Every structure is written in structure tokens, then in C-alpha cells.
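Only one structure is covered here, and it is reproduced in the block below.
Whatever order the structure lists ligands and atoms in, that order sets their numbers, starting from 1. This one's a predicted model, so the numbers in the text were calculated from it and none came from an experiment.
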Amino acid sequence: MLLEEERKSIVQFGRALLTAGLTTGTGGNLSIYNRAEGLVAIKPSGVAYFEMTPEDVVVIDLGGHIVDGKLQPSSETQFHLGLYRFRANINAVVHTHQVYATTMACLNWEIPAVHYLVGLSGNKVPLAAYATYGSRELSENLLQAIGNYNACLLANHGLVTVGANIAAAFAVAEEIELVSRLYYQAKCIGSPVILSDEEMEKVIHKFQASSTL
Ligand SMILES: [Zn+2]
């Protein structure tokens, strides 16, 4: 089977998105880019995570053409491919509607450095302007906003995280959910203290040195 390992990982981490509470139903999507092969394994559209098999995972090229698979690729294929073309250090993309991060996205807020784990994204989590799901405009807004960050909110929609591999992209999504919840809770009872850019630079260097990033 073409991209067998990647397809198995899509099934494994897709299920983990549900069990970690980062998405519901068939929502969200994820993909892995095999740069050597020039091929992407991506979640099929509208398939429940616990019913999805490796064969269901769609293999496409960077132009979005189906190379292997019987199902249609995710409705957000456009921004997955856009990210792989945009940055050479991105080999996996995770997109969720995780509740606390999406709460920030619905307020059209960025997430500041309220906790050092924001460093998994950078010195903040930026926000991409709203556009209809699945549209080219959404992909363009995301690429414009994400820059060198590893996470980006989609206004009134959700979160996108990226990484050198699927485990890294998944971990960013999970930790940004924690951070979003902390920010929400801290805002409920007071004024959260935001870490300085200088401190966040130190944190990011430590993450890089320990291969957390
Ligand atoms: Zn979505």
C-alpha cells in the first residue's frame, strides 16, 4: 500500500484527536507529507475517525490530484497543501475545532504568551482572518497569518497546527488547548500576566535544544 506508514499514522492520530477531546464527530482533519515521495496522506472527507481504516486515507500529490484511494480528500485539502508548499519544515498538519482555542477564534483574539507552553507555537498564537471553510481565501489568510508560527487560529472556525512530524503537530494542538483554557479561566477571574517576548525567546530556544520543536 502506498504511504502505508503515513496512512496508519493518520488513523492512529485521528482517533487520538477524538479521545483527547480535540474534535467531535467527523470534524477536523490531518495530513502527513512524505517529502521524498512528494505525496501527502490526508484524512478522507466525512468519515468517522473510529471507522476509518488506512485504506480509506487518501494519497494525493501537491497539486491535489488523487494518487491512491477511493474516497474524496478532506474539504480543507487546500490549506494543507498550501502549508507544505509554504514552509520546508512542515511535514504534518492538524486541524481541529477544539473548544477552548476555538472560543478565542470566535472572539477573533490571538492567544498571547499567557503560559510558557505558548512557545510551542512561538511568542503567541496568531489569528487568520475569517473566510468560508474549504475556500482558497481561507488558505491564503492562513498562510499570511501563520508565518513561522506552529499554530494559528482560524477566525470563527478553529485551530491549525503544524510540525516536523505528526506527533509534534498533535502535541502543539493538545498544549494549545490547555493554554487556551488557562487563558479563558484566568480572564474569568482577573487579568492574566503575559510573558515578555524576551522570556519567550528563551523558552523557544530551550524547546529547540531539547527537540521539543
Ligand atoms: Zn474546520
Side-chain angles (χ1 to χ4, degrees), residues 9-33 40-52 56-58 60 64 66 69 71-87 90-111 120-121 125-147 149-163 166 168-181 184:
S9 292
I10 294 293
V11 170
Q12 179 197 340
F13 282 92
R15 289 174 183 181
L17 282 178
L18 271 187
T19 51
L22 297 176
T23 199
T24 53
T26 63
N29 40 67
L30 66 173
S31 71
I32 300 172
Y33 183 30
V40 175
I42 188 162
K43 180 191 176 284
S45 181
V47 174
Y49 287 99
F50 276 93
E51 286 163 19
M52 179 169 66
D56 292 333
V57 176
V58 188
I60 56 175
I66 297 176
L71 301 170
Q72 284 302 307
S74 161
S75 55
E76 298 294 6
T77 295
Q78 196 137 212
F79 72 60
H80 286 253
L81 298 180
L83 287 163
Y84 296 133
R85 285 193 292 257
F86 178 63
R87 254 170 58 193
I90 298 177
N91 300 314
V93 175
V94 171
H95 165 55
T96 69
H97 300 159
Q98 55 192 64
V99 173
Y100 284 93
T102 305
T103 302
M104 303 304 146
C106 291
L107 291 161
N108 287 15
W109 289 357
E110 296 184 327
I111 301 169
L120 292 172
S121 167
V125 180
L127 171 80
Y130 180 80
T132 310
Y133 82 93
S135 67
R136 187 179 3 178
E137 192 187 356
L138 178 60
S139 179
E140 284 165 4
N141 292 352
L142 170 59
L143 296 187
Q144 197 170 23
I146 197 168
Y149 291 94
N150 290 322
C152 188
L153 295 165
L154 304 177
N156 308 87
H157 182 159
L159 178 74
V160 175
T161 62
V162 299
I166 188 67
F170 183 90
V172 177
E174 205 169 26
E175 300 300 357
I176 294 304
E177 185 64 355
L178 169 71
V179 160
S180 302
R181 185 174 179 179
Y184 164 81

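Enclosure of atom CZ in Arg136 is not indicated, since only 12 or fewer non-hydrogen atoms of other residues, nucleotides or ligands lie within 6.0 angstrom.
Under the 3.5 Å distance criterion, the side-chain polar atoms of Arg87 are matched with a main-chain donor or acceptor of Gly147.
Lys43 forms a cation-pi arrangement with Tyr49, by the criterion of a distance under 6.0 Å to the ring centre and an angle within 45° of the ring axis.
Residue pairs meeting the side chain to side chain donor-acceptor pair (under 3.5 Å) criterion with at least one partner in residues 90-107, sequence neighbours excluded, are Arg35-Asn91, His95-His97, His95-His157, Thr96-Gln98, His97-His157, Gln98-Glu177.
Qualifying side-chain contact (heavy atoms from CB on, under 4.5 Å) partners for Gln12, counting only residues two or more places apart in sequence or in other chains: none. Ser74 meets the side-chain hydrogen bond (donor to acceptor under 3.5 Å, both in side chains) test with Asn29; sequence neighbours excluded.
Around the Zn ion (ligand 1), the protein contributes the following N, O or S atoms at distances under 2.8 Å: His95 NE2, His97 NE2, His157 NE2.
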